Amino acid sequence: MSSVDLAAEPRHTDYLIEPMTPHDLLEVVEIEEACRLSLWGWDSYYGELARPEAIMIVARRARADKQTGHALYGFLSARVSAQELHINNIGVHEAARRRGVGDALMRVAVTTAMRQGAHAAILEVRAGNVAAQSLYRRYGFEVVGRRRQYYRDPPEDALLMRASLKSPT
Ligand SMILES: CC(C)(COP(=O)(O)OP(=O)(O)OC[C@H]1O[C@@H](n2cnc3c(N)ncnc32)[C@H](O)[C@@H]1OP(=O)(O)O)[C@@H](O)C(=O)NCCC(=O)NCCS
């Protein structure tokens, strides 16, 4: 995995953005399933961790939840290729949403990719996923295309979003 640029990341009181490790993968897959994301699964994430162009990060709780054992608030998986950042998956535990975790993960991914020379970013998102689209728009993403019935279970169009990379407004 490529090194992660945390220099510009402010300190949070109850979590840290850190590189993902193989020990995180069980919970990453749990979050992925709970969020009903496109499923990569343990093997794919494990393989991705070894790729130098991958940006794999987690929001790690300062203290694991005693009841659930959860050590993470969320994760982001992305890759830089041909000077373009491709966000593959981002998910935050439902109970931890709207507290800036998704934004912190995006900020570190974008900063890291820019340092590696990326000048654009792309992703696909369910057409009805207003929360994610709203987060992405903060980073300059705009809809540039639509893929009919791209998703299954339930079937839904994908919006293709693209951004020229810049700091959040
Ligand atoms: C999308 C997701 C990652 C956002 O994570 P989060 O930690 O709740 O996001 P943040 O608290 O950092 O929110 C940052 C901004 O995103 C936007 N946003 C986040 N959730 C939103 C919602 N439910 N409705 C509208 N806007 C929302 C807002 O602009 C928000 O800023 P604000 O709180 O100051 O208004 C989270 O909702 C999630 O895990 N969803 C399920 C998985 C998913 O859809 N992933 C994307 C697949 S493409």
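Values below: every heavy atom of this structure, side chains too, minus hydrogens, waters and symmetry copies. Computed from a prediction, not measured in an experiment: that's the story for all the values here. Remember, it's 1-based here, ligands and their atoms both numbered in the order they're listed.
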Practice item. Name the orientation class of the two ring planes belonging to Phe141 and Tyr136 (parallel below 30°, tilted from 30 to 60°, perpendicular beyond 60°). Key: tilted
Review point. In terms of ring plane angle, is the pair Tyr73 and Tyr15 parallel, tilted or perpendicular, where the classes change at 30° and 60°?
Key: perpendicular
Exercise for review: Begin from the C-alpha positions of His93 and Glu27 and carry the test side chain to side chain contact (heavy atoms under 4.5 Å, CB included) through to its verdict.
Suggested key: CA-CA 10 Å; His93 274 297; Glu27 193 172 345; 3.2 Å; yes
With a 4.0 Å heavy-atom cut-off (strictly under), which part of [X] contacts ligand 1: side chain, backbone, both or neither?
{"X": "Asn129", "answer": "side chain"}
{"X": "Arg36", "answer": "neither"}
{"X": "Arg126", "answer": "neither"}

Using a strict 4.0 Å cut-off to heavy atoms of [X], name the atoms of ligand 1 that fall inside it.
{"X": "Glu124", "answer": "48 (S)"}
{"X": "Arg99", "answer": "11 (O)"}
{"X": "Asp103", "answer": "12 (O)"}
{"X": "Gly100", "answer": "10 (P), 11 (O), 12 (O)"}
{"X": "Ala132", "answer": "1 (C), 46 (C)"}
{"X": "Cys35", "answer": "39 (O), 41 (C), 42 (C)"}
{"X": "Val101", "answer": "7 (O), 12 (O)"}
{"X": "Gly91", "answer": "39 (O)"}

For [atom], closest protein heavy-atom neighbour:
{"atom": "atom 46 (C) of ligand 1", "result": "Tyr136 OH, 3.5 Å"}
{"atom": "atom 29 (O) of ligand 1", "result": "Ser134 OG, 3.1 Å"}
{"atom": "atom 41 (C) of ligand 1", "result": "Arg97 NH2, 3.5 Å"}
{"atom": "atom 7 (O) of ligand 1", "result": "Gly102 N, 2.8 Å"}
{"atom": "atom 39 (O) of ligand 1", "result": "Val92 N, 2.8 Å"}
{"atom": "atom 24 (N) of ligand 1", "result": "Arg98 NH1, 3.4 Å"}
{"atom": "atom 4 (C) of ligand 1", "result": "Leu135 CD2, 4.0 Å"}
{"atom": "atom 30 (C) of ligand 1", "result": "Arg138 NH1, 3.6 Å"}

Point to revise | Min N/O separation Val125 to ligand 1 under 3.5 Å | key: no
Check your understanding: Would you say Ile90 and ligand 1 have an N/O pair spaced under 3.5 Å apart?
Key -> yes
Practice item. Evaluate the side-chain proximity of Glu30 to His70: yes if any heavy-atom separation is below 4.5 Å, no if none is. Key: yes
Check your understanding: Looking at atom 13 (O) of ligand 1, is any protein heavy atom nearer than 4.0 Å to it?
Key -> no
Review point. Do any non-hydrogen protein atoms sit less than 4.0 Å from atom 22 (C) of ligand 1?
Key: yes
Check your understanding: Given the rule in the side-chain hydrogen bond (donor to acceptor under 3.5 Å, both in side chains) test, do Asp103 and Tyr139 qualify, once you have shown the distances and angles that lead to the verdict?
Key -> CA-CA 9 Å; Asp103 189 65; Tyr139 288 84; 2.9 Å; yes
Check your understanding: When clusters are formed from ILVMFWY side-chain contacts under 4.5 Å, directly or step by step, what else is grouped with Leu160?
Key -> Val144
Exercise for review: For the pair Arg61 and Asp14, evaluate salt bridge (Lys or Arg N to Asp or Glu O under 4.0 Å) and give the outcome as yes or no after the intermediate values.
Suggested key: CA-CA 6 Å; Arg61 299 170 190 236; Asp14 62 342; over 6 Å; no
Review point. Non-hydrogen atoms of Leu37 versus ligand 1: any pair closer than 4.0 Å?
Key: yes
Exercise for review: Using the side chain to side chain contact (heavy atoms under 4.5 Å, CB included) rule, take Glu124 and Leu159 through it: C-alpha gap first, then chi angles, then the decisive distance, then the call.
Suggested key: CA-CA 6 Å; Glu124 289 109 22; Leu159 300 182; over 6 Å; no
